[in-house]
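These numbers were taken from a predicted model, which means no experiment stands behind them.
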Amino acid sequence: MARIKIDLPEKFGFSTTIPIRIQDVNYGGHVGNDAILSIMHEARMQFIQRAGYKELDHEAGTGLIMADVAVAYKGEGFHGDIFTVEVAAGEYSPFGFELFYHLTTQRNSQTITIATAKTGMVCFDYNARKVMKLPAEMKAAMESMVSQG
């Protein structure tokens, strides 16, 4: 079976911590794949806000829409874990970029990788309902976050 391979950047300019709630745990007793996507969404929102933007930025006319997602699960997360989620932007195109995620937790004095992931983000004008070009200022703000990390 072919497996997804996600090449993470060497540097991440942003990280946040997200505690695992009981509703994040599925019938298998570990964090569910739907919860991983929700955790990534929260980290993405915080990353974009740190860069000075919002996913739905109606005033500026530049919103973001997720075009695709890839997740490689590496370990189990459990209720009570606190995930550290690192986020970095890269692979810029005229209309968007990739966001890369590295989800880890500390358990028994060890760092455990829970998942690696990436999302394809496209600039989108929600008022006109159409794809738009990636503003140079947005790209620069995200690039500067990586260089600060």
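- Under the side chain to side chain donor-acceptor pair (under 3.5 Å) criterion, no residue pair touches residues 130-141, with sequence neighbours excluded.
- Across all non-hydrogen atoms, the minimal contact from Pro19 to Asp24 is O-OD2, 4.1 Å.
- In terms of modelled atom types and a separation under 3.5 Å, the side chain of Asp68 and the main chain of Gly120 share a donor-acceptor contact.
- Side-chain contact check for Arg44 versus Glu55: some heavy-atom pair is nearer than 4.5 Å.
- For Gln23, the CD atom is densely surrounded, since the number of other residues' heavy atoms within 6.0 Å is greater than 12.
- Between Glu91 atom CD and Asp7 atom CG the span is 8.5 Å, to the nearest 0.5 Å.
- Between Ile48 and Leu64, some side-chain heavy-atom pair lies under the 4.5 Å cut-off.
- Relative ring orientation between Phe97 and Tyr92 is described as tilted, the plane-to-plane angle lying within the 30° to 60° band.
- When side chains are defined from C-beta on, Val69 counts as touching Met40, because their heavy atoms get closer than 4.5 Å.
- Residue Phe47 forms a side-chain contact (heavy atoms from CB on, under 4.5 Å) with just one option from Phe14, Phe12, Tyr101, and that option is Phe14.
- Residue Val122 is grouped with residue Leu56 when hydrophobic side chains (ILVMFWY) are merged at heavy-atom distances under 4.5 angstrom, including chains of intermediate members.
- Heavy atoms only, all atoms of each residue included: Ser15 and Thr84 are closest at CB-CG2, 4.3 Å.
- Between Leu8 and Ala117, the shortest heavy-atom contact is CD2-O, 4.3 Å.
- A 4.5 Å side-chain heavy-atom check between Gln106 and Thr111 finds at least one atom pair inside the cut-off.
- Side-chain atoms of Thr113 do not come within 3.5 Å of backbone N or O of Thr104 as any donor-acceptor pair.
- When all heavy atoms of Asn26 and Gly32 are compared, the pair lying nearest together is ND2-CA, 3.4 Å.
- Taking NZ from Lys74 and CD1 from Ile112, the interatomic distance works out to 14.5 Å, rounded to the nearest 0.5 Å.
- A 4.5 Å side-chain heavy-atom check between Met121 and Met66 finds at least one atom pair inside the cut-off.
- Judged purely by atom type and a 3.5 angstrom limit, Tyr73 has no side-chain atom pairing as donor or acceptor with the backbone of Thr116.
- Counting heavy atoms from C-beta on, the side chains of Asn33 and Val71 never come closer than 4.5 Å.
- The shortest non-hydrogen separation linking Lys118 to Ile6 is N-CD1, 4.1 Å.
- With hydrogens and angles disregarded, no donor-acceptor distance shorter than 3.5 Å links the side chain of Asn108 to the backbone of Gln110.
- Atom-to-atom distance recorded for His79:NE2 and His30:NE2 is 15.5 Å, nearest 0.5 angstrom.
- The closest donor-acceptor contact from the side chain of Tyr126 to the backbone of Gly63 lies at 3.5 Å or more, if one exists at all.
- There is no path of hydrophobic side-chain contacts, each under 4.5 Å, that joins Ile82 to Ile39.
- Under the 4.5 Å side-chain heavy-atom criterion for grouping Ile, Leu, Val, Met, Phe, Trp and Tyr, Phe78 is not connected to Ile20 through any hydrophobic cluster.
- Contact annotation: the side chain of Ile36 approaches that of Ile114 to within less than 4.5 Å [non-hydrogen atoms, C-beta and beyond].
- Other residues, nucleotides and ligands contribute more than 12 heavy atoms inside 6.0 Å of the CZ atom of Arg107.
- The nearest pair of heavy atoms linking Pro9 to Ala88 is CG-CB, 3.8 Å.
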